**Student:** 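Before anything else, here's the structure in question.
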Number of protein chains: 2
Amino acid sequence: MKIDPDSTVDLSAQIAKAIRDAIIAGDLIVDQRLPSEAELADHFDVSRPTVREALKRLAAQSLIRTQRGASGGAFVNRLRFEDAYAQQVTTSTLLLSMNAVSFDVACEARYALERACAPLSAQRRTPDQLATMRAEIHRQGQPGLTDEAFCASDVTFHRALVDGAGNKVLSYQLAGAVEAMQPLMNMITFTARSREAIVALHTDIADAVEAQDAPKIDATLVELEAYTRELAHSVVTARAQKAAEKEHKTA
Amino acid sequence: MKIDPDSTVDLSAQIAKAIRDAIIAGDLIVDQRLPSEAELADHFDVSRPTVREALKRLAAQSLIRTQRGASGGAFVNRLRFEDAYAQQVTTSTLLLSMNAVSFDVACEARYALERACAPLSAQRRTPDQLATMRAEIHRQGQPGLTDEAFCASDVTFHRALVDGAGNKVLSYQLAGAVEAMQPLMNMITFTARSREAIVALHTDIADAVEAQDAPKIDATLVELEAYTRELAHSVVTARAQKAAEKEHKTA
DNA sequence: GCCAGATTAAATGTCAGACATTAAAATGTA
DNA sequence: TACATTTTAATGTCTGACATTTAATCTGGC
C-alpha cells in the first residue's frame, strides 16, 4: 500500500483509496483490524489527522467501523444489506432530485424493475408478505389519510411485492429504486377518486400474487404505471396553468 | 443545523449528518458554497479538524467537492450518474463478496433485471448500440482470448443491451448489478465449447434486438441464465471433487 | 486459588495553533 | 486596456497535547 506525496490529490484521499483497494482485493478481510492511526501515519509518512480523514472517508462508505479503547481500532466492516440499502436510497434520491430526471423516466425505470421480479414473487411469496400487501391496501382505503401517509403505505406495499421474490440482491436493488421515487410521488395530490383507482389496482395485484398468476401481475403493473404517469401529468399541467395565470396577472 | 455535544456519537459524524440532511432536504442547493471550515467550526462549536473529518465523510459520498484558494471552499456537488455508478459498483461488489451471496441468487437477480429492460431495448436500441453488441460478439469468438477478457467483453455486450433501453436510471441500476457480478463470473473457466454456446446465444439476442422482437430477447436471456448457472455449477462440482480427492490423499 | 475492584495502558476523539499551498481577486504599471 | 505582481482567503498538512473509552492487568481480601 503506497501513496504518492507529490500528487496533487489530497493525501487523505490517496490513503483512503489505497486501503479501499486492499479491502476490495481481499488483502484485508472482514473483521480484520487495521493498524492503529499512529502506525498508519508512520507507514504512509503523514500526520495522524491526515490518516483520520482517510479513515472517516472509509467509514462514510461503511467499509470500516471504529472502536475506542484498548484493543480498539478500525476494523474492516462486513457490509450489511441494510447499510448498503440506506446509502443507495440516499444516492438515488439525490440523483433524481439533482439531475432533472423526469418523472416519466424514473417511473418507467421503477416499474420495469418491479415487473422483473413479478414472476419470482408469484412463485415464492410467503403468506406473511401477502398479509402485508392486504393490510396496506386496507390502510390506503381509509378516509382522512394524508397524501404522505398514502405514499408511505404505497412504498410498503410495493416493497412487500419485491421482497416476495425472495432474492436479497433484487430486494436491495429494487427497494432502493422504489423508495428513491417517493419524493417525486409526494408531489402528487391523490384525490379520493384516484386513490380508489389505485386501491383497485393494488387489489388486483395482490389477488394475482396470491393466485400465483405472473402475467396478470405484469399486466396490472403496466396499468398502474400508465395511471401513475397520467396523474403526474395532470399535476404538472395544473401547475403550469397556475403559473401562466399568475404571469398573466403580473403582466 | 444543530448537533448534540453530549451524544456518544462522534461529533464529526453528527456534523456530517446535519449537513447531509440539509442537502437532501434542499436547504443547500447544488453548487451552493458551504461556510468555510473555520465558520463551520465556529457554528458547531468544535475545532477545525473535527469539521474537516465531517467534510471528508461527505466528500466520500460525492455530496460535496472542495476547492482550494481564495473563494474556494466546499460546494454542494451535482451528483453525476458516473459517480453514483462507481460507488454502486464498489458497494455491490463488496456486498456479494462479503455476504456469501450465492452465485445462483446473484445470477437470478442479474438476469431478472436485464430482462426488465429487454422490451424497452427492443423498441429503442440505436444502430450504435447494435454495432457494439455485434463487435463484442465478434471479439468473443476470437481464439486465444483470456477468460478475463472474455468476461469483460461479456459485460460490455450486456451493458449495450441495457443502455439500449434509453433510460439513464435503468442503466445506472443495471450496469451496477452486471458489473458487480464480474468477480463471480471470473471464477468460471470458459472452455472453447462453452464460449461457442454463449456466442450463439449472444447472436440470438443481438438478432432479436435488431428485429425488435422483445419476447425472443426474453426467452434467450432465460436460456443464457440457465446455461450460465449450469457452467457455474460444474465449476463448483469440479472444485469440490478436487478438494475431496486431496482430502482422501491426506487421510 | 479465585473473584471483585482498582489500576494501567492503548487506542480513538478532540482541541489549539501554526505553517504550506493554492488560486482568485485586487492592485499596480506600461 | 492588457499584463504582471501582490494580496488574501481558503483548504491542506503538521505538531503536540489532552480527554475519553475500554480491555487487560494487577492487587488485595476471602
Side-chain angles (χ1 to χ4, degrees), chain A residues 1-20 23 28 31-77, chain B residues 1-20 23 28 30-78:
Chain A
M1 291 202 298
K2 277 183 184 159
I3 61 172
D4 171 18
D6 296 329
S7 162
T8 59
V9 181
D10 289 4
L11 293 179
S12 69
Q14 288 185 58
I15 294 171
K17 180 174 182 345
I19 298 177
R20 179 165 41 239
I23 293 175
L28 296 167
D31 290 335
Q32 186 174 338
R33 183 178 172 281
L34 297 179
S36 72
E37 294 175 355
E39 286 168 328
L40 285 172
D42 221 46
H43 173 76
F44 289 113
D45 203 26
V46 299
S47 68
R48 196 157 76 97
T50 302
V51 168
R52 283 181 61 80
E53 287 178 11
L55 294 179
K56 294 313 163 202
R57 292 178 120 110
L58 298 175
Q61 295 181 299
S62 307
L63 292 184
I64 62 170
R65 63 177 183 279
T66 53
Q67 258 181 322
R68 298 181 67 169
S71 78
F75 297 82
V76 177
N77 210 9
Chain B
M1 291 202 298
K2 277 186 185 159
I3 60 173
D4 171 19
D6 297 329
S7 162
T8 59
V9 181
D10 288 6
L11 293 178
S12 69
Q14 289 185 58
I15 294 170
K17 181 175 183 338
I19 298 176
R20 179 163 42 238
I23 293 175
L28 296 167
V30 167
D31 291 333
Q32 185 174 339
R33 182 177 171 283
L34 298 178
S36 73
E37 294 175 356
E39 287 167 330
L40 284 173
D42 219 48
H43 173 75
F44 288 114
D45 203 26
V46 298
S47 68
R48 218 186 117 207
T50 302
V51 167
R52 282 182 61 80
E53 287 179 11
L55 294 180
K56 294 314 163 201
R57 293 178 119 110
L58 298 175
Q61 297 182 297
S62 306
L63 292 183
I64 62 169
R65 63 178 183 280
T66 53
Q67 256 182 324
R68 298 180 68 171
S71 78
F75 298 82
V76 177
N77 210 9
R78 156 155 278 125

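Naming: A, B, ... by sequence-line order, numbering from 1 per chain. Keep in mind the model is a prediction, meaning the values are calculated, not measured.
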**Student:** Does T50(A) put a side-chain nitrogen or oxygen below 4.0 Å from OP1 or OP2 of dC14(D)?
**Tutor:** yes

**Student:** 5'-most contact on DNA chain D: A38(B) or G69(A), nearest heavy atom basis?
**Tutor:** A38(B)

**Student:** Provide, to the nearest angstrom, the distance between the CG atom belonging to L58(A) and the P atom belonging to dT12(C).
**Tutor:** 14 Å

**Student:** Test your reading of the model: is there a side-chain donor-acceptor pair from R65(B) to the backbone of V76(B), 3.5 Å cut-off?
**Tutor:** yes

**Student:** I want to confirm an ordering. Mapping R33(A) and T8(A) to their closest nucleotides on DNA chain C, which one lands closer to the 5' end?
**Tutor:** R33(A)

**Student:** How is R65(A) classified with respect to the nucleic acid when contacts are heavy atoms under 4.0 Å: base, sugar-phosphate, or nothing?
**Tutor:** nothing

**Student:** Would you mind reading off the distance between D6(B) atom CG and dA19(D) atom P, rounded to a whole angstrom?
**Tutor:** 17 Å

**Student:** Which listed nucleotide (dT14(C), dG13(C), dA18(C)) is nearest to the side chain of E37(A)?
**Tutor:** dG13(C)

**Student:** Atom CZ of R68(A) to atom P of dT12(C): distance rounded to whole Å?
**Tutor:** 10 Å

**Student:** Between atom CG of L34(A) and atom CD of E39(A), what is the distance when rounded to the nearest 0.5 Å?
**Tutor:** 10.5 Å

**Student:** Between dA25(C), dT13(D), dC15(C), spot the one nearest the side chain of P49(B), thanks.
**Tutor:** dC15(C)

**Student:** Donor-acceptor pair under 3.5 Å: do we get one between R48(B)'s side chain and the base of dG12(D)?
**Tutor:** yes

**Student:** Take atom CD of E53(B) and atom P of dT11(D), then tell me their distance rounded to the nearest Å.
**Tutor:** 16 Å

**Student:** In whole angstrom, what separates L40(B)'s CG from dC15(C)'s P?
**Tutor:** 14 Å

**Student:** Atom CD of E39(B) and atom P of dA9(D): how far apart are they, to the nearest Å?
**Tutor:** 12 Å

**Student:** Please give, in whole Å, the distance from dA16(C) P to L11(B) CG?
**Tutor:** 12 Å

**Student:** Nearest to the side chain of T66(A), which nucleotide is it out of dA11(C), dG13(C), dA16(C)?
**Tutor:** dG13(C)

**Student:** Nearest to the side chain of R52(B), heavy atoms from C-beta on, is which of dA19(D), dT14(C), dT13(D)?
**Tutor:** dT13(D)

**Student:** With a 4.5 Å cut-off on side-chain heavy atoms, are L58(B) and N77(B) touching?
**Tutor:** no

**Student:** Can you tell me how far P of dA20(C) sits from CG of D10(A), to the nearest Å?
**Tutor:** 19 Å

**Student:** Taking atom CG as the centre, does D45(A) end up with more than 12 heavy-atom neighbours from other residues, nucleotides or ligands that are less than 6.0 angstrom away?
**Tutor:** no

**Student:** Want to settle it: does A70(B) or S71(A) sit nearer the 5' end of DNA chain C, counting the closest nucleotide to each?
**Tutor:** S71(A)

**Student:** Can you name the one residue among L11(A), L55(A), L40(A) that meets side-chain contact (heavy atoms from CB on, under 4.5 Å) with T50(A)?
**Tutor:** L11(A)

